[in-house]
2 protein chains.
Amino acid sequence: MQSIDDAECRRFTSTVEVIGRRWSAGILLAIARDAARFSEIAGAVDGLSDRLLAQRLRELEADDLVVREVIATTPVQVRYHLTASGVDLMRVLEPLVEWEQRWRPSPAAGESAE
Amino acid sequence: MQSIDDAECRRFTSTVEVIGRRWSAGILLAIARDAARFSEIAGAVDGLSDRLLAQRLRELEADDLVVREVIATTPVQVRYHLTASGVDLMRVLEPLVEWEQRWRPSPAAGESAE
DNA sequence: CTGGATCCCTATCGATACTG
DNA sequence: CAGTATCGATAGGGATCCAG
(Lines give C-alpha, C1' and ligand atoms only; values in the text may rest on other atoms or scores of the structure.)
Protein backbone atom coordinates (compact mmCIF):
# COMPACT_ATOMS: atom_id res chain seq x y z
CA MET A 1 0.00 0.00 0.00
CA GLN A 2 1.96 3.00 -1.18
CA SER A 3 0.34 5.44 -3.56
CA ILE A 4 -3.35 5.98 -4.08
CA ASP A 5 -4.95 4.04 -6.85
CA ASP A 6 -7.19 6.60 -8.44
CA ALA A 7 -9.58 4.04 -9.83
CA GLU A 8 -10.10 2.29 -6.52
CA CYS A 9 -10.39 5.57 -4.69
CA ARG A 10 -13.00 6.80 -7.09
CA ARG A 11 -14.93 3.55 -7.01
CA PHE A 12 -14.84 3.46 -3.26
CA THR A 13 -16.00 7.04 -3.13
CA SER A 14 -18.81 6.63 -5.61
CA THR A 15 -20.25 3.60 -3.87
CA VAL A 16 -20.17 5.24 -0.50
CA GLU A 17 -21.76 8.32 -1.97
CA VAL A 18 -24.65 6.37 -3.41
CA ILE A 19 -25.82 5.17 -0.04
CA GLY A 20 -24.50 8.30 1.62
CA ARG A 21 -27.03 10.50 -0.13
CA ARG A 22 -29.40 12.13 2.27
CA TRP A 23 -32.02 9.42 2.87
CA SER A 24 -30.70 6.42 0.98
CA ALA A 25 -29.47 4.47 3.96
CA GLY A 26 -32.74 4.86 5.82
CA ILE A 27 -34.73 3.82 2.80
CA LEU A 28 -32.62 0.74 2.24
CA LEU A 29 -32.89 -0.14 5.90
CA ALA A 30 -36.66 0.25 5.75
CA ILE A 31 -36.97 -1.97 2.70
CA ALA A 32 -34.63 -4.51 4.23
CA ARG A 33 -37.12 -4.58 7.08
CA ASP A 34 -39.95 -5.50 4.74
CA ALA A 35 -41.34 -2.03 4.19
CA ALA A 36 -42.45 -2.69 0.64
CA ARG A 37 -45.13 -0.11 -0.13
CA PHE A 38 -44.33 3.49 -0.97
CA SER A 39 -46.29 4.75 2.00
CA GLU A 40 -44.76 2.17 4.30
CA ILE A 41 -41.30 3.40 3.47
CA ALA A 42 -42.41 7.01 3.77
CA GLY A 43 -43.84 6.23 7.19
CA ALA A 44 -40.80 4.29 8.31
CA VAL A 45 -38.25 6.97 7.57
CA ASP A 46 -39.03 9.95 9.67
CA GLY A 47 -38.87 13.34 7.97
CA LEU A 48 -38.64 11.99 4.47
CA SER A 49 -40.86 13.73 1.93
CA ASP A 50 -42.67 12.04 -0.93
CA ARG A 51 -40.63 13.85 -3.49
CA LEU A 52 -37.31 12.80 -2.07
CA LEU A 53 -38.48 9.25 -1.52
CA ALA A 54 -39.48 8.95 -5.16
CA GLN A 55 -36.20 10.45 -6.25
CA ARG A 56 -34.07 8.24 -4.03
CA LEU A 57 -36.06 5.20 -5.09
CA ARG A 58 -35.27 5.96 -8.72
CA GLU A 59 -31.60 6.38 -7.92
CA LEU A 60 -31.56 3.15 -5.97
CA GLU A 61 -33.25 1.46 -8.88
CA ALA A 62 -30.68 2.86 -11.28
CA ASP A 63 -28.00 1.48 -9.02
CA ASP A 64 -29.64 -1.91 -9.08
CA LEU A 65 -30.08 -2.01 -5.35
CA VAL A 66 -33.86 -1.91 -5.39
CA VAL A 67 -36.45 -3.25 -7.79
CA ARG A 68 -39.88 -1.80 -8.39
CA GLU A 69 -42.74 -4.24 -8.79
CA VAL A 70 -46.04 -3.00 -10.12
CA ILE A 71 -49.06 -5.11 -9.30
CA ALA A 72 -52.12 -4.45 -11.44
CA THR A 73 -54.71 -4.26 -8.71
CA THR A 74 -57.17 -1.46 -8.10
CA PRO A 75 -55.72 0.86 -7.24
CA VAL A 76 -52.35 -0.02 -8.60
CA GLN A 77 -50.07 -1.44 -5.98
CA VAL A 78 -46.35 -0.88 -6.09
CA ARG A 79 -43.94 -2.89 -4.06
CA TYR A 80 -40.24 -2.34 -3.62
CA HIS A 81 -37.73 -4.88 -2.56
CA LEU A 82 -34.00 -5.29 -2.51
CA THR A 83 -32.10 -6.91 -5.33
CA ALA A 84 -29.48 -9.56 -4.68
CA SER A 85 -26.77 -6.90 -4.62
CA GLY A 86 -28.94 -4.77 -2.37
CA VAL A 87 -29.34 -7.59 0.12
CA ASP A 88 -25.63 -8.24 -0.03
CA LEU A 89 -24.92 -4.58 0.50
CA MET A 90 -26.99 -4.52 3.66
CA ARG A 91 -25.19 -7.62 4.85
CA VAL A 92 -21.87 -5.92 4.16
CA LEU A 93 -23.02 -2.84 6.04
CA GLU A 94 -23.83 -4.79 9.18
CA PRO A 95 -20.31 -4.40 10.57
CA LEU A 96 -20.87 -0.67 10.23
CA VAL A 97 -23.77 -0.90 12.65
CA GLU A 98 -21.51 -2.72 15.07
CA TRP A 99 -18.92 -0.01 14.56
CA GLU A 100 -21.51 2.58 15.52
CA GLN A 101 -22.36 0.71 18.67
CA ARG A 102 -18.70 0.41 19.50
CA TRP A 103 -17.70 4.03 18.88
CA ARG A 104 -20.94 5.98 18.97
CA PRO A 105 -22.71 4.47 21.98
CA SER A 106 -24.87 7.40 23.05
CA PRO A 107 -25.77 9.98 20.43
CA ALA A 108 -27.68 12.28 22.76
CA ALA A 109 -26.64 11.16 26.22
CA GLY A 110 -23.63 13.40 26.62
CA GLU A 111 -21.10 11.92 28.95
CA SER A 112 -18.42 14.50 28.28
CA ALA A 113 -19.86 17.96 28.00
CA GLU A 114 -17.77 20.00 25.57
CA MET B 1 -38.10 -7.29 12.50
CA GLN B 2 -41.31 -5.41 12.07
CA SER B 3 -41.32 -1.64 12.33
CA ILE B 4 -38.42 0.67 11.84
CA ASP B 5 -36.58 1.74 14.91
CA ASP B 6 -36.23 5.45 14.39
CA ALA B 7 -33.15 5.76 16.54
CA GLU B 8 -31.28 3.01 14.79
CA CYS B 9 -32.37 4.25 11.40
CA ARG B 10 -31.17 7.74 12.18
CA ARG B 11 -27.89 6.54 13.61
CA PHE B 12 -27.28 4.32 10.63
CA THR B 13 -28.11 7.19 8.30
CA SER B 14 -25.96 9.73 10.05
CA THR B 15 -22.90 7.54 10.11
CA VAL B 16 -23.20 6.64 6.48
CA GLU B 17 -23.71 10.27 5.62
CA VAL B 18 -20.55 11.33 7.39
CA ILE B 19 -18.35 9.26 5.15
CA GLY B 20 -20.76 9.69 2.27
CA ARG B 21 -20.05 13.39 2.00
CA ARG B 22 -18.48 14.33 -1.26
CA TRP B 23 -14.77 13.57 -0.68
CA SER B 24 -14.68 12.02 2.77
CA ALA B 25 -14.20 8.45 1.67
CA GLY B 26 -11.33 9.32 -0.63
CA ILE B 27 -9.64 11.38 2.05
CA LEU B 28 -9.95 8.63 4.62
CA LEU B 29 -8.63 6.13 2.12
CA ALA B 30 -5.69 8.40 1.36
CA ILE B 31 -4.83 8.86 5.02
CA ALA B 32 -5.21 5.15 5.64
CA ARG B 33 -2.59 4.78 2.95
CA ASP B 34 -0.14 6.97 4.85
CA ALA B 35 -0.85 10.23 3.09
CA ALA B 36 -0.20 12.40 6.13
CA ARG B 37 0.57 15.86 4.81
CA PHE B 38 -2.10 18.23 3.60
CA SER B 39 -0.53 18.39 0.15
CA GLU B 40 -0.12 14.63 0.02
CA ILE B 41 -3.79 14.11 0.60
CA ALA B 42 -4.64 16.83 -1.87
CA GLY B 43 -2.47 15.14 -4.46
CA ALA B 44 -3.83 11.69 -3.73
CA VAL B 45 -7.48 12.55 -4.17
CA ASP B 46 -7.97 13.70 -7.71
CA GLY B 47 -10.14 16.76 -8.23
CA LEU B 48 -10.27 17.74 -4.59
CA SER B 49 -9.77 21.44 -3.93
CA ASP B 50 -7.86 22.87 -0.97
CA ARG B 51 -10.95 24.49 0.45
CA LEU B 52 -12.95 21.31 0.48
CA LEU B 53 -10.04 19.31 1.83
CA ALA B 54 -9.70 21.68 4.75
CA GLN B 55 -13.43 21.56 5.33
CA ARG B 56 -13.68 17.77 5.19
CA LEU B 57 -10.65 17.43 7.42
CA ARG B 58 -12.34 19.56 10.02
CA GLU B 59 -15.51 17.48 9.79
CA LEU B 60 -13.53 14.27 10.06
CA GLU B 61 -11.76 15.69 13.10
CA ALA B 62 -15.06 16.64 14.67
CA ASP B 63 -16.21 13.07 14.08
CA ASP B 64 -13.09 11.79 15.78
CA LEU B 65 -12.00 9.83 12.74
CA VAL B 66 -8.90 11.88 12.07
CA VAL B 67 -6.46 13.70 14.31
CA ARG B 68 -4.43 16.73 13.37
CA GLU B 69 -0.87 16.85 14.57
CA VAL B 70 1.01 20.12 14.36
CA ILE B 71 4.77 19.91 14.34
CA ALA B 72 6.57 23.14 15.17
CA THR B 73 9.09 23.14 12.38
CA THR B 74 9.74 25.95 9.92
CA PRO B 75 7.50 26.18 8.16
CA VAL B 76 4.92 24.54 10.36
CA GLN B 77 4.28 20.96 9.44
CA VAL B 78 0.89 19.41 9.86
CA ARG B 79 0.29 15.71 9.76
CA TYR B 80 -3.00 13.89 9.74
CA HIS B 81 -3.62 10.36 10.77
CA LEU B 82 -6.52 8.15 11.63
CA THR B 83 -7.79 7.71 15.15
CA ALA B 84 -8.52 4.30 16.57
CA SER B 85 -12.12 4.58 15.49
CA GLY B 86 -11.00 5.79 12.08
CA VAL B 87 -8.78 2.77 11.61
CA ASP B 88 -11.57 0.52 12.76
CA LEU B 89 -13.96 2.22 10.37
CA MET B 90 -11.68 1.54 7.43
CA ARG B 91 -11.43 -2.05 8.52
CA VAL B 92 -15.18 -2.29 8.71
CA LEU B 93 -15.46 -0.76 5.26
CA GLU B 94 -13.24 -3.37 3.67
CA PRO B 95 -16.15 -5.70 2.95
CA LEU B 96 -17.65 -2.83 1.01
CA VAL B 97 -14.67 -2.84 -1.31
CA GLU B 98 -15.21 -6.54 -1.84
CA TRP B 99 -18.86 -5.83 -2.49
CA GLU B 100 -17.87 -3.37 -5.19
CA GLN B 101 -15.62 -5.91 -6.82
CA ARG B 102 -18.40 -8.46 -6.67
CA TRP B 103 -21.20 -6.29 -8.07
CA ARG B 104 -19.45 -3.41 -9.79
CA PRO B 105 -16.69 -5.18 -11.67
CA SER B 106 -16.23 -2.83 -14.62
CA PRO B 107 -17.39 0.74 -14.16
CA ALA B 108 -16.78 1.78 -17.77
CA ALA B 109 -16.59 -1.49 -19.64
CA GLY B 110 -20.26 -1.96 -20.41
CA GLU B 111 -21.10 -5.59 -20.92
CA SER B 112 -24.86 -5.25 -21.02
CA ALA B 113 -25.96 -2.28 -23.05
CA GLU B 114 -29.30 -1.00 -21.88
C1' DC C 1 3.21 24.72 3.27
C1' DT C 2 -1.35 25.07 5.33
C1' DG C 3 -5.02 26.77 5.19
C1' DG C 4 -8.87 31.04 5.90
C1' DA C 5 -12.10 34.41 3.43
C1' DT C 6 -14.77 35.73 -0.33
C1' DC C 7 -17.71 35.46 -4.57
C1' DC C 8 -20.82 33.11 -7.26
C1' DC C 9 -23.06 29.28 -9.26
C1' DT C 10 -25.40 25.08 -9.19
C1' DA C 11 -27.49 21.17 -7.09
C1' DT C 12 -30.39 19.81 -3.75
C1' DC C 13 -33.96 20.10 -0.37
C1' DG C 14 -38.67 20.83 1.60
C1' DA C 15 -43.43 22.28 1.09
C1' DT C 16 -47.30 22.70 -1.49
C1' DA C 17 -50.40 21.57 -5.02
C1' DC C 18 -51.95 18.50 -8.48
C1' DT C 19 -52.76 13.97 -11.32
C1' DG C 20 -53.84 8.92 -12.60
C1' DC D 1 -52.26 4.93 -3.10
C1' DA D 2 -48.23 6.48 -5.75
C1' DG D 3 -46.29 9.54 -7.43
C1' DT D 4 -45.11 14.33 -10.57
C1' DA D 5 -44.58 19.57 -11.23
C1' DT D 6 -43.22 23.75 -9.64
C1' DC D 7 -41.06 27.07 -6.55
C1' DG D 8 -38.30 29.39 -3.25
C1' DA D 9 -34.68 28.72 0.17
C1' DT D 10 -30.42 26.84 1.41
C1' DA D 11 -26.26 24.49 1.36
C1' DG D 12 -22.48 22.62 -1.03
C1' DG D 13 -18.87 23.29 -4.27
C1' DG D 14 -15.12 25.56 -7.37
C1' DA D 15 -12.00 29.31 -8.23
C1' DT D 16 -9.33 32.86 -6.66
C1' DC D 17 -6.92 35.68 -3.56
C1' DC D 18 -4.65 36.26 0.78
C1' DA D 19 -2.20 35.25 5.37
C1' DG D 20 0.57 32.91 9.20
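Note on naming: letters A, B, ... go to the chains in the order of the sequence lines (proteins, then strands), and numbering restarts at 1 for each one.
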Colleague: Could you give the CG-to-P distance, from B:L52 to D:dT16, as a whole number of Å?
Modeller: 15 Å
Colleague: So which nucleotide from D:dT4, C:dG3, D:dG13 ends up closest to the side chain of A:A54?
Modeller: D:dT4
Colleague: Given atom CD of B:E17 and atom P of C:dT12, what is their separation to the nearest angstrom?
Modeller: 14 Å
Colleague: How long is the span from the CZ atom in A:R68 to the NE2 atom in A:H81, to the nearest 0.5 Å?
Modeller: 11.5 Å
Colleague: Could you give the CG-to-P distance, from B:L53 to D:dG14, as a whole number of Å?
Modeller: 12 Å
Colleague: Whether the side chain of A:R51 and the base of D:dG3 hold a donor-acceptor pair under 3.5 Å is what I'd like checked.
Modeller: no
Colleague: With side chains defined as the heavy atoms from C-beta onward, is the minimum distance between A:M90 and A:L28 less than 4.5 Å?
Modeller: yes
Colleague: Base, sugar-phosphate alone, or nothing: which one does A:S49 contact when heavy atoms must sit under 4.0 Å apart?
Modeller: nothing
Colleague: Roughly how far, to the nearest 0.5 Å, is OG of A:S24 from CD1 of A:I19?
Modeller: 8.0 Å
Colleague: Is the phosphate of C:dG3, meaning OP1 or OP2, less than 4.0 Å from a side-chain N or O of B:Y80?
Modeller: yes
Colleague: Would you kindly give the CG-to-P distance between A:L57 and D:dC1, to the nearest whole Å?
Modeller: 16 Å
Colleague: Can you work out whether A:V76 or B:Q55 has the more 5'-proximal nearest nucleotide on DNA chain C?
Modeller: B:Q55
Colleague: I need the CD-P distance between B:E59 and C:dG3, as an integer number of Å.
Modeller: 14 Å
Colleague: Does C:dT12 have its OP1 or OP2 closer than 4.0 Å to a side-chain nitrogen or oxygen of A:R22?
Modeller: no
Colleague: Nearest whole Å is fine: how far is D:dG13 P from B:L48 CG?
Modeller: 10 Å
Colleague: Below 4.5 Å, heavy atoms only, C-beta onward: do B:V78 and B:F38 meet side chain to side chain?
Modeller: no
Colleague: Which nucleotide in the list D:dG13, C:dG4, C:dC13 gets nearest to the side chain of B:R58?
Modeller: C:dG4
Colleague: May I have the distance from A:Q77 (atom CD) to C:dG20 (atom C1'), rounded to whole angstrom?
Modeller: 16 Å
Colleague: What's the closest nucleotide to the side chain of A:W23 if the choices are C:dG14, D:dA2, C:dG3?
Modeller: C:dG14
Colleague: Tell me which nucleotide among C:dT2, D:dG12, C:dT12 gets nearest to the side chain of B:R21.
Modeller: D:dG12
Colleague: Go through C:dT2, D:dG3, D:dA2 for me and flag the one nearest to the A:R68 side chain.
Modeller: D:dG3
Colleague: Measuring from the side chain of B:P75 (C-beta onward, heavy atoms only), which nucleotide among D:dG3, C:dC1, C:dG3 has the closest atom?
Modeller: C:dC1
Colleague: Taking the side chain as C-beta and beyond, is there a heavy-atom pair between A:R56 and A:R22 under 4.5 Å?
Modeller: yes
Colleague: Figure out the CD1/C1' separation between A:I27 and C:dC13, and round it to whole Å.
Modeller: 13 Å
